[in-house]
Amino acid sequence: MSHYNNLNILRLIFALFVIISHSYPISGTPGADWLAVATCGQVIFSSIGVDGFFIISGFLIFNSFKYRKSYADYIWKRCLRIFPALAVVLSLTVLIGFFFSTSTFYEYFWLTGSVKTYVLNNLSLYNLQPTISDVFATNPLPGTINGSLWTLVYEFSLYFLLMFCAFGKFLPKKIGQLLTVAIVISCAYLSIVYREKLSVLEFFWGLNLYYVLYFSSLYFYGSLLAAIKFNESKRLPLYCIASGIALILAIKFNCYTPVAHLLLPVFIISLGYAWVPKISVAYHRVGDLSYGVYIYGFPAQQTLMHLGNFSATSLMILSCIASLACGYLSWTIIEGRAMRYKAVFADYKPAS
């Protein structure tokens, strides 16, 4: 893989896309974002953002698994990437939430059961608790503190699913790739054709079956592109332009969803490697702010709405600035330092 690419800055843009879409319900503004309006509801900024996250994650995590020192090394690195920053944002939410609640200090910290369970429930990922009693209760979107955390349980689950579906160790390379293609096609087909039926079904641990299949199709497509070393192709600019034009035409002819399953991963990964401007090189040296921006975006927006009655556009601008600041601090103080310990299990070998 090329040392410098656009993938990290694309993830940052995708995190900001989510904030753009959330600005409307959080501010109480009727309607949807500009992209949804322009595409007659076929595409919204947040859907592009989340889809892009899973495609890039599948691409990068495949390589992380491929070059792992051990299974413990792989799992440890994935946990380091998610949990330290998540634990901090959850703890800060509980502490700062007091100032945006209607309870007294004693009531909030000692009598409110949701305060005591908020950090551990959400840190488990599989028992998400979206609210703390009385926090942001008067906001246009009352109750929900961090509406972005729900995707993390799917991301974390796919870390393990990729590990269990790593056919390369047991099967010939081509057979493993064909099986991955079968998984991508099957998941995409089921999530497109049976969306309404699947969206009301729960998988294990409360996971929605539709999202399991939908995100799996994108995630494993990204992994497949990594497996065939798609990023090393000399035709990446052509693939990027062609897939981008095809996606625009799909919107025009009202068939975006099936075409996106086929071409969006190609467009995003080729865009990630086709042209690497100086801004991407500079951003690579700063760090990766995308995760911090993503997990702080929603509570930052709710906080701003509690402090002032902002329009969707004003909230969008202010919350993007606030989230970028939080993302930078999260990377500098928490995430970047946590990654210093990623080699803890590099030499680990299970006892025979």
Side-chain angles (χ1 to χ4, degrees), residues 1-2 5 7 10-11 14 47-48 50-71 73-75 77-78 81 151-195 198 203-204 207-236 239-240 242-243 246-247 250 257-274:
M1 294 178 65
S2 173
N5 55 65
L7 294 182
L10 280 176
R11 287 198 293 191
F14 292 149
S47 68
I48 292 290
V50 173
D51 291 355
F53 265 120
F54 278 94
I55 291 166
I56 293 175
S57 181
F59 182 87
L60 294 176
I61 300 307
F62 174 86
N63 285 286
S64 176
F65 180 78
K66 180 180 178 180
Y67 297 109
R68 73 196 185 281
K69 302 297 182 181
S70 64
Y71 287 107
D73 178 57
Y74 167 75
I75 295 170
K77 288 177 180 176
R78 303 282 55 81
R81 196 65 188 92
T151 62
L152 297 184
V153 64
Y154 295 95
E155 170 84 6
F156 191 69
S157 298
L158 284 167
Y159 291 162
F160 289 92
L161 192 57
L162 175 65
M163 183 172 65
F164 292 131
C165 294
F167 305 112
K169 183 178 180 180
F170 310 102
L171 298 172
K173 183 177 180 180
K174 294 295 183 182
I175 300 298
Q177 291 176 359
L178 287 173
L179 286 173
T180 305
V181 170
I183 291 175
V184 170
I185 293 174
S186 300
C187 291
Y189 176 80
L190 290 171
S191 63
I192 293 172
V193 177
Y194 299 103
R195 175 173 182 170
L198 294 173
F203 203 42
F204 58 92
L207 293 174
N208 182 278
L209 187 54
Y210 164 72
Y211 285 115
V212 170
L213 294 172
Y214 179 77
F215 290 143
S216 292
S217 68
L218 299 174
Y219 192 88
F220 280 100
Y221 199 153
S223 298
L224 179 65
L225 293 177
I228 64 174
K229 298 183 179 180
F230 175 74
N231 57 298
E232 296 180 6
S233 172
K234 296 180 180 179
R235 298 181 178 178
L236 286 180
Y239 294 144
C240 183
S243 58
L247 288 167
T257 298
V259 174
H261 275 277
L262 180 64
L263 293 179
L264 187 62
V266 173
F267 175 72
I268 288 176
I269 299 303
S270 59
L271 182 61
Y273 283 91

Handout entry: Qualifying residues under ring pair (Phe, Tyr, Trp, His ring centres under 6.0 Å), relative to Tyr239, sequence neighbours excluded
Key = Phe230
Problem - Heavy-atom check, side chain of Ser57 versus side chain of Tyr159, under 4.5 Å - result: yes
Practice task
Give a yes or no answer on whether the side chain of Ser223 reaches the backbone of Gly58 with a donor-acceptor pair at less than 3.5 Å.
Solution key: yes
Practice task
Starting at CZ of Phe160, measure out to OH of Tyr71 and round the result to the nearest 0.5 Å.
Solution key: 12.5 Å
Practice task
Find the distance between CG (Leu225) and CD1 (Ile269) and round it off to the nearest 0.5 Å.
Solution key: 6.0 Å
Handout entry: Side-chain donor/acceptor of Ser270 to backbone N/O of Val266, under 3.5 Å
Key = yes
Exercise for the section: Report the distance from atom OG of Ser243 to atom CG of Leu262, rounding to the nearest 0.5 Å. Expected result: 10.0 Å
Exercise for the section: Drop me the distance from Leu218's CG to His261's NE2, to the nearest 0.5 angstrom. Expected result: 6.0 Å
Practice task
Could you go through the side chain to side chain contact (heavy atoms under 4.5 Å, CB included) check for Tyr154 and Val212 one step at a time?
Solution key: CA-CA 7 Å; Tyr154 295 95; Val212 170; 3.8 Å; yes
Practice task
Please answer whether the main-chain N or O of Ile61 pairs with a side-chain N or O of Tyr74 as donor and acceptor at a distance below 3.5 Å.
Solution key: no
Handout entry: Where Ala188 and Ser217 come nearest, the two heavy atoms and their spacing
Key = N-CB, 3.6 Å
Practice task
Starting from the C-alpha separation in whole Å, work towards a yes-or-no answer on side chain to side chain contact (heavy atoms under 4.5 Å, CB included) for Leu247 and Phe267.
Solution key: CA-CA 9 Å; Leu247 288 167; Phe267 175 72; 4.0 Å; yes
Exercise for the section: Start with the C-alpha gap between Leu213 and Tyr194, add the side-chain angles, then the distance that decides, and say whether side chain to side chain contact (heavy atoms under 4.5 Å, CB included) holds. Expected result: CA-CA 11 Å; Leu213 294 172; Tyr194 299 103; over 6 Å; no
Practice task
Would you kindly check if the NZ (Lys) or CZ (Arg) of Arg68 is within the cone defined by 45 degrees around the ring axis of Phe65 and under 6.0 Å from the six-membered ring centre?
Solution key: yes
Exercise for the section: Establish, from distance only, whether the side-chain atoms of Tyr214 and Asp51 form a donor-acceptor pair under 3.5 Å. Expected result: yes
Problem - Gap separating the OH atom of Tyr221 from the CD1 atom of Ile183, nearest 0.5 angstrom - result: 14.5 Å
Practice task
Test Thr257 against Arg195 for side chain to side chain contact (heavy atoms under 4.5 Å, CB included), laying out the working first.
Solution key: CA-CA 12 Å; Thr257 298; Arg195 175 173 182 170; 6.0 Å; no
Completion exercise
side-chain contact (heavy atoms from CB on, under 4.5 Å) test vs Phe59 passes for just one of Ile268, Leu224, Asn231, namely Asn231
Handout entry: Inter-residue atom distance Leu162.CG - Ser216.OG, 0.5 Å rounding
Key = 10.5 Å
Practice task
Determine the minimum heavy-atom distance between Ser157 and Leu207, stating which atoms define it.
Solution key: OG-CD1, 3.8 Å
Practice task
Quick one: list whatever passes ring pair (Phe, Tyr, Trp, His ring centres under 6.0 Å) with Phe54, sequence neighbours left out.
Solution key: Phe215
Handout entry: Any residue meeting side-chain contact (heavy atoms from CB on, under 4.5 Å) with Val193, in chain and number order, not counting sequence neighbours
Key = Tyr189
Practice task
Please report the closest heavy-atom contact between Leu263 and Ala246, naming both atoms and the distance.
Solution key: CD1-CB, 3.4 Å
